[in-house]
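The structure appears right after this line, and notes come after that.
Since we're looking at a predicted model, the values are computed, not measured. Chain identifiers are assigned alphabetically (A, B, ...) following the order of the sequence lines, protein sequences preceding nucleic acid strands; residue numbering begins at 1 within each chain.
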There are 2 protein chains.
Amino acid sequence: MAARGRPRAFDREQALTRAMEVFWAKGLEGASMTDLTEAMGIGSPSLYAAFGSKEALFREAVALYVSTDGSDIWAALTNADTAYGAVEGFLMETARLFSRPDKPSGCLVVLSALHATDGSEAVRAELIAKREENTGDLARRIAQGLASGEIAPGVDTGMLARFYVTVQQGMSIQARDGADRATLEKIARSALAAWGPLTTARQ
Amino acid sequence: MAARGRPRAFDREQALTRAMEVFWAKGLEGASMTDLTEAMGIGSPSLYAAFGSKEALFREAVALYVSTDGSDIWAALTNADTAYGAVEGFLMETARLFSRPDKPSGCLVVLSALHATDGSEAVRAELIAKREENTGDLARRIAQGLASGEIAPGVDTGMLARFYVTVQQGMSIQARDGADRATLEKIARSALAAWGPLTTARQ
DNA sequence: ATAATATTGTGTCGATCGGTATATAATTCT
DNA sequence: AGAATTATATACCGATCGACACAATATTAT
C-alpha cells in the first residue's frame, strides 16, 4: 500500500543526515532555519511537514548521530575482552572519529547544546541525560573488570568511568580547536597511563 | 580635571562584570542584547556608548575573566615548587572555581564560543589562541621540571601539558552538567595518577 | 473522471535580533 | 549666564529569527 497524496520529492534520511551535520557544526541555536533548509535542499514547509519543528528535527538528528557515529564509539565497550581494552578502544575510536576531515570535529552530543538558554532547556537536559547514560554504560563495563579480578577491590568504578568520559569530552574541545588524529591518540594514551595506578590500589 | 559632559550614571566595571556573567552562562551568541542590558541595568545606547558593540563588550568580558577568575587558575603555575605541584594546583584550583554556586560553572574561555558561525569567527579564533597560550604556559612550567631532573629525559612536555589541559576542558563540560567540587577533584586526582607513568619513562 | 489526500513553492507572519536617531538631562568650560 | 560636551530615555531601524497560510501540484482511492 503506497502512500496517498503527492509523494515527497526528497529523501528524508538523506535530508536528516544533512541537518545532523549542520547541528553538529553550528550547534542547536547556531543553526538557523536558512542553514538547515539550504543544506537539506528543501523549503521550510517541507521541513515542518516532515519533521514538525526545528527542535524535533534536532532530536531526530541526535538520534541518528547516536545510532551511527556515536554507536561506533561505544561499540568498543562490548567488543573488548578486558575492561582496559574497552576503555582503550573507546578512546582510540574517539580519536579517529573526532578528527575525520569530512565531518564536523568533536561530538554532537557534547557540543551542540551546552548553554542554558530560553527554549532549549528540555533538549539540553536530554543531552545531559544521554552523556550520563554513556558514563553509566562505561561504568558497568569497568565493573565487570572488577568482578573478574582485572581491577583491584575497592576501586570506584563509577569515578573511573567519569574520569575517562571527562577526557573524551575534553577531546571534543581539542578536536574543535584543530587537533589531528595523532594528537588525540596521544591524549588518549596519556589518559590510559593512569589505568595502572587507578586500578591496582584503592584510591 | 573631571570629565566633561553629563557623568555616567552606572559603574562601568560593575556593569562589565554583569555582562561577563551573562556571556559566561549563555555564550556569545546565546546572550542577547536584552539579556545584557537587563543584567547590566542600563539601556542599549549606554552600552554602545561605553563598550562600542556586543562583540567589543564580549572581548572586554573575556579580558576581565582572564585577569580575575582565569588568573586564579593559572597562578598555581608560578606558586608551586615542582612541576607536579604546578599541575596539581592548576587542576585543584580548577575544581574549586568551576563549581562555585554563585558563578556560572565551567570556563568562559572554553565554553562561550565553541561553534564556527557567521560573524563570530574572529572572536572564536582569539579564544582558541588564548587556550593555546595557556597550554604553552603549562608546557613551559613542565619543561622546567624536565630541566631540573624532576621529569625523565625524552618525555614530551608539550603533549603532557596538552593532556592536562584536555582534562581541564573536559572538567568544564562536567561542571556544566552539574558535577560538584568533590567530583571534579576526584577527576583531577585520577588525571594526576598518570603523572608517574608519564614522567618516569619515555613514552 | 472525480474526490480525497499529501507535498511543494511562494510569500509572509509576529517576534526578536543587534544597533541607532533623536531629543532631553546633566555636567564642565569660558 | 551661556556654550560646549556627554549620557540617558524613548522610540525605532532594517534584518533575521522560527513558523505558517495559501494555492498549485501530484499522487491514490473510489
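OP1 or OP2 of dT8(D) lies within a sub-4.0 Å distance of a side-chain N or O belonging to S46(B). Checking the phosphate oxygens (OP1, OP2) of dG19(C), no side-chain nitrogen or oxygen of S44(B) falls inside 4.0 Å.
If you check every strand for non-hydrogen atoms under 4.0 Å, A49(B) touches nothing. Here R6(B) lies in heavy-atom contact (under 4.0 Å) with a base. Nucleic acid contact for P45(A): base, since at least one base atom lies under 4.0 Å from a heavy atom of the residue.
Nucleotide dT7(C) holds its P atom 14 Å from the CG atom of D11(A), rounded to whole Å. Whole-Å rounding puts the L47(A) CG to dG18(D) P distance at 11 Å. Nucleotide dG18(C) holds its C1' atom 13 Å from the CG atom of D35(B), rounded to whole Å. Remark: P of dC17(D) and CG of L36(A) are 10 Å apart, rounded to the nearest angstrom. Between the CD atom of E29(A) and the C1' atom of dT16(C) there is a distance of 13 Å, rounded to whole Å. Atom CD1 of I42(A) is separated from atom C1' of dA19(D) by 14 Å (rounded to the nearest Å). Protein atom CE of M40(B) is 13 Å distant from nucleotide atom P of dG18(C), rounded to whole Å. Following rounding to the nearest Å, M33(B) (CE) and dA9(D) (P) show an atom-to-atom distance of 14 Å.
A residue-by-residue look at S53(A) and R4(A) shows that S53(A) has its nearest nucleotide of DNA chain D further toward the 5' end. Both G5(B) and L28(B) lie close to DNA chain C; mapped to their nearest nucleotides by heavy-atom distance, the more 5′-ward contact belongs to L28(B).
Among the nucleotides dG18(D), dC17(D), dT8(C), the one closest to the side chain of T34(A) is dC17(D). Distance from the side chain of P7(A) is smallest to dA26(D) among dA26(D), dA19(D), dT28(C). Among dC29(C), dA19(D), dG18(C), the nucleotide with an atom closest to any side-chain atom of S32(B) is dG18(C). Checking dT28(C), dT28(D), dT8(D) against every side-chain atom of R8(B), the shortest atom distance belongs to dT8(D). With distances taken from any side-chain atom of Y48(A) to the nucleotides dT27(D), dT28(C), dG18(D), the minimum falls on dG18(D).
Cation-pi geometry between R96(A) and F98(A) is not satisfied (NZ or CZ under 6.0 Å from the ring centre, within 45° of the ring normal).
The pair R124(B)-E29(B) does not meet the salt-bridge criterion, since no charged nitrogen lies less than 4.0 angstrom from a carboxylate oxygen.
Side-chain contact check for M40(B) versus Q14(B): every heavy-atom pair is 4.5 Å or farther apart.
Using cut-offs of 30° and 60° on the angle between ring planes, the pair F58(A) and F23(A) is perpendicular.
Although no hydrogens or angles enter the test, the distance criterion places no donor-acceptor pair under 3.5 Å between the side chain of R18(B) and the main chain of E38(B).
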